[in-house]
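Sharing a structure with you now.
For the numbers below, each heavy atom of this structure counts, side chains included, while hydrogens, waters and symmetry mates do not. Remember, it's 1-based here, ligands and their atoms both numbered in the order they're listed.
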Amino acid sequence: MKEQLKSIEERAKDELSKIGDVKLLEDFRVRFLGKKGEITSILKQMGKLSPEERPVVGQLANKVRADIEEALNARKAELKSRMEEVRLKEESIDVTLPGKPMKIGRAHPLKVTLEQVEEVFLGMGFDIVEGPEVETDHYCFEALNMPKHHPARDTQDTFYINENVLLRTQTSSVQIRTMEKRKPPIRIISPGSVYRSDAVDATHSPIFHQIEGLVVDKGITMADLKGTLELLMKRLYGDDAQIRLRPHHFPYTEPSAEVDLMCFNCHGKGCSMCKQEGWVELLGSGMVHPKVLAECGIDPEVYSGFAFGIGLERITMGRYSINDMRLLYENDMRFLEQF
Ligand code: DAH
């Protein structure tokens, strides 16, 4: 019996060392230490022993049981701590690893320019107003002194929704909408998208942006127009920026002028950037036509005004020496990252 107990202990310890999962330990305990386990079955045979042998074998059996129990508990603790270690390793976060790079967007050059223009005009007490891009023929042309079949319409072919509704070709439509609603003094700018059915090339796009300006009050003159635009251009292009007003014709202004900026590359001498002109055309402007004022219910005998329309793309391209308008719309990060 002593031999049996010894061999039970050996087998138990051997098996125990092979168990790799805590869940299997309970099965082990039942088999060796349980009520129907191996040790109990030995103890049940104690009756066969002589009275002298009984306490000796009994003591040995208790010791073997205690040893196996101890080994079992030790194994359990070992396996548990090993599992804990594995779990910790799996769940651990290495805070020294570099994080995922976050893509930070940046303002588009058109937006940067627009915000600077807005800031200049807000500083002079202008309001910023917006008008609809889907516009009626009336606001886009008719009320601007461009009746149907007026030749000036030819330069602004657009996309028609129907005979009377179209995508606006110019933000000048907002002048009319504003003058109908507000009475002088009026000082507004109106930025927004405009549409023309032009083919895409380095200087044309079917969608582009304008910033319209309108001032109406008593005693407004061409000098106010020039002073306002001069200030804007100095803010945009630096204090040595120079502009000139060149006579032109727009149906809704009288007199009308185109405004040129002295070429910042050659300072008026003529170079390839300004096509040897020395000057770069920037915008259209003029004194609001008395007929337009009157149509909007403003008495041209009492009030006068100036207006202008700036191409946002054009002044942006000038500032950053961008020579192809398409670059502004392609959203190529390699291009945009430079601003
Ligand atoms: N609407 C003109 C254009 O799209 C620009 C313009 C010219 C606007 C003269 C004006 C103006 O307000 O007075 O080319």
Side-chain angles (χ1 to χ4, degrees), residues 117 121 126-133 135 137-147 150-159 166-180 182 186-198 203-217 220-229 232-233 243-261 280-293 295-296 298 300 303-315 317 325:
V117 172
F121 282 105
F126 282 59
D127 290 337
I128 299 172
V129 301
E130 284 186 3
E133 291 172 25
E135 190 50 286
D137 186 273
H138 172 78
Y139 285 108
C140 195
F141 296 124
E142 200 80 43
L144 287 160
N145 211 11
M146 292 165 85
H150 190 287
R153 286 194 182 204
D154 290 354
T155 59
Q156 299 190 7
D157 195 9
T158 186
F159 304 97
L166 44 86
L167 298 182
R168 68 178 178 190
T169 57
Q170 47 186 358
T171 45
S172 302
S173 53
V174 189
Q175 289 186 29
I176 307 299
R177 289 186 173 272
T178 304
M179 286 191 283
E180 280 181 355
R182 300 189 184 192
I186 295 170
R187 276 193 299 269
I188 60 110
I189 58 164
S190 183
S193 302
V194 296
Y195 302 79
R196 294 188 193 176
S197 77
D198 283 334
T203 52
H204 291 90
S205 161
I207 310 175
F208 59 103
H209 304 84
Q210 287 187 334
I211 306 164
E212 194 74 13
L214 174 70
V215 171
V216 183
D217 202 352
I220 296 294
T221 70
M222 205 86 179
D224 298 306
L225 168 67
K226 189 172 185 209
T228 303
L229 293 175
L232 172 69
M233 294 312 159
I243 60 167
R244 72 174 183 194
L245 271 63
R246 192 167 28 79
H248 200 75
H249 175 262
F250 298 105
Y252 35 94
T253 43
E254 181 56 37
S256 304
E258 277 196 327
V259 177
D260 298 337
L261 177 73
V280 185
E281 182 199 319
L282 278 188
L283 57 97
S285 65
M287 300 304 292
V288 182
H289 200 294
K291 224 174 130 181
V292 174
L293 289 175
E295 289 266 339
C296 297
I298 294 173
Y303 295 103
S304 58
F306 70 74
F308 57 85
I310 309 175
L312 180 59
E313 277 77 358
R314 181 166 288 178
I315 54 170
M317 289 164 74
M325 196 167 171

* Does R168 make a cation-pi contact with Y139 (under 6.0 Å, within 45 degrees of the axis)? -> no
* To do: List in chain and number order the residues that pass side-chain contact (heavy atoms from CB on, under 4.5 Å) with S256, two or more places apart in sequence or in another chain; answer none if no residue qualifies.
  =>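 S256 satisfies side-chain contact (heavy atoms from CB on, under 4.5 Å) with F250, T253 once adjacent residues are dropped.
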* What salt bridge (charged side-chain N to carboxylate O under 4.0 Å, His left out) pairs are there with at least one residue in residues 245-257, not counting sequence neighbours? -> R246-E258, R246-D260
* **Ring centre gap for F121 and F308 strictly below 6.0 Å** =>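 Yes: the rings meet the under 6.0 Å criterion.
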Are there any N/O pairs under 3.5 Å between ligand 1 and the protein, and if so, what are their distances?
| residue | atom | partner | partner atom | Å |
| --- | --- | --- | --- | --- |
| ligand 1 | 1 (N) | Q170 | OE1 | 2.7 |
| ligand 1 | 1 (N) | S172 | OG | 3.0 |
| ligand 1 | 1 (N) | Y252 | OH | 2.8 |
| ligand 1 | 4 (O) | R196 | NH2 | 2.8 |
| ligand 1 | 4 (O) | Q210 | NE2 | 2.8 |
| ligand 1 | 12 (O) | Q175 | NE2 | 2.8 |
| ligand 1 | 12 (O) | E212 | OE2 | 2.5 |
| ligand 1 | 12 (O) | F308 | N | 3.3 |
| ligand 1 | 12 (O) | F308 | O | 3.4 |
| ligand 1 | 13 (O) | A307 | O | 3.3 |

* Asked: Is the CD atom of E180 crowded by more than 12 outside heavy atoms at less than 6.0 Å?
  ->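 Yes, because the 6.0 Å sphere around CD of E180 holds more than 12 heavy atoms from other groups.
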* To do: Output all residues satisfying salt bridge (charged side-chain N to carboxylate O under 4.0 Å, His left out) with E281, sequence neighbours left out; order by chain, then residue number.
  => R314
